[in-house]
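Bear in mind that the values here come from a model prediction, so they are computed numbers and not experimental data.
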Amino acid sequence: QVQLVESGGGVVQAGGSLRLSCAASGRTFSAYGMGWFRQAPGKEREFVAAITSNGGITYYGDFVKGRFTISRDNAKSTVYLQMNSLKPEDTAVYYCAAPRQTFRGPSPTIYDYEYWGQGTQVTVSS
């Protein structure tokens, strides 16, 4: 069973930065793409970023506009999300996601992901 544990959320002022981490276990981490999603109160979960299994290709949601960077360290089975120039509208619970066994990913589509972390709260104050 794949397990994902996020960390690094918190409260930050607008314009600040945070780095989220997601530690994975339960299968060969380096064989699968990974993704980050977020969900704000009253809104649907939305795609933030994804990365291929070797980290060579990354994808981002339109709203990111160069502010976030996804990366991974396969030796540590960890994926990261560096968030800069944070805005109050970035306030949400951020989730790490791993694709289902039969799909190596990555994907911007929520339904391609089977495994989810517990989420980490990011709050950006104005």
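Between the side chain of Asp90 and the backbone N or O of Ala14, no donor-acceptor pair lies under 3.5 Å. Glu6 contributes a side-chain N or O that, together with a main-chain N or O of Gln118, makes up a donor-acceptor pair within less than 3.5 Å. Between the Ser107 side chain and the Thr109 main chain, a donor and an acceptor come within less than 3.5 Å of each other. A donor-acceptor pair is defined here as one N or O able to donate and one able to accept, closer than 3.5 Å; no such pair exists between the side chain of Gln82 and the backbone of Arg19.
By the 4.5 Å side-chain criterion applied to Ile, Leu, Val, Met, Phe, Trp and Tyr, Ile70 is assigned to a cluster that also includes Val2, Leu4, Val12, Leu18, Leu20, Phe29, Met34, Trp36, Val48, Ile51, Tyr60, Phe63, Val64, Phe68, Val79, Leu81, Met83, Leu86, Tyr94, Tyr115, Val122, Val124.
For the atom pair Thr52 OG1 and Arg104 CZ, the distance stands at 13.0 Å (nearest 0.5 Å). For the atom pair CD (Gln13) and OG (Ser126), the distance works out to 9.5 Å, reported to the nearest 0.5 Å. Gln101 contributes atom CD, which lies 5.0 Å from atom CZ of Arg27 (distance to the nearest 0.5 angstrom).
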Ser21 and Tyr80: CA distance, side-chain angles, deciding distance, side chain to side chain contact (heavy atoms under 4.5 Å, CB included) verdict: CA-CA 5 Å; Ser21 299; Tyr80 305 97; 3.4 Å; yes
Stepwise ring pair (Phe, Tyr, Trp, His ring centres under 6.0 Å) test for Phe37 and Tyr113: CA-CA 10 Å; Phe37 289 76; Tyr113 293 88; 5.2 Å; yes
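Considering every non-hydrogen atom in both Lys65 and Asp62, the closest pair reads CG-O, 3.2 Å. Here the shortest heavy-atom pairing between Ser53 and Ala31 reads CB-C, 3.7 Å. Closest non-hydrogen pair, Pro99 versus Gly33, comes out as CD-O, 3.0 Å. Heavy-atom minimum distance, Thr78 versus Ala23: OG1-CA, 4.0 Å.
Two residues are said to be in side-chain contact when any heavy atoms from C-beta on lie closer than 4.5 Å; Tyr59 and Pro108 fail this criterion. Considering only heavy atoms from C-beta on, Ile110 comes within 4.5 Å of Trp116 through its side chain.
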Compile the donor-acceptor pairs under 3.5 Å between side chains in residues 39-47 and protein atoms, sequence neighbours left out, one pair per line.
| residue | atom | partner | partner atom | Å |
| --- | --- | --- | --- | --- |
| Gln39 | OE1 | Arg45 | NE | 3.3 |
| Gln39 | OE1 | Arg45 | NH2 | 3.3 |
| Gln39 | NE2 | Lys43 | O | 3.1 |
| Glu46 | OE2 | Arg38 | NE | 2.6 |
| Glu46 | OE2 | Arg38 | NH2 | 3.0 |

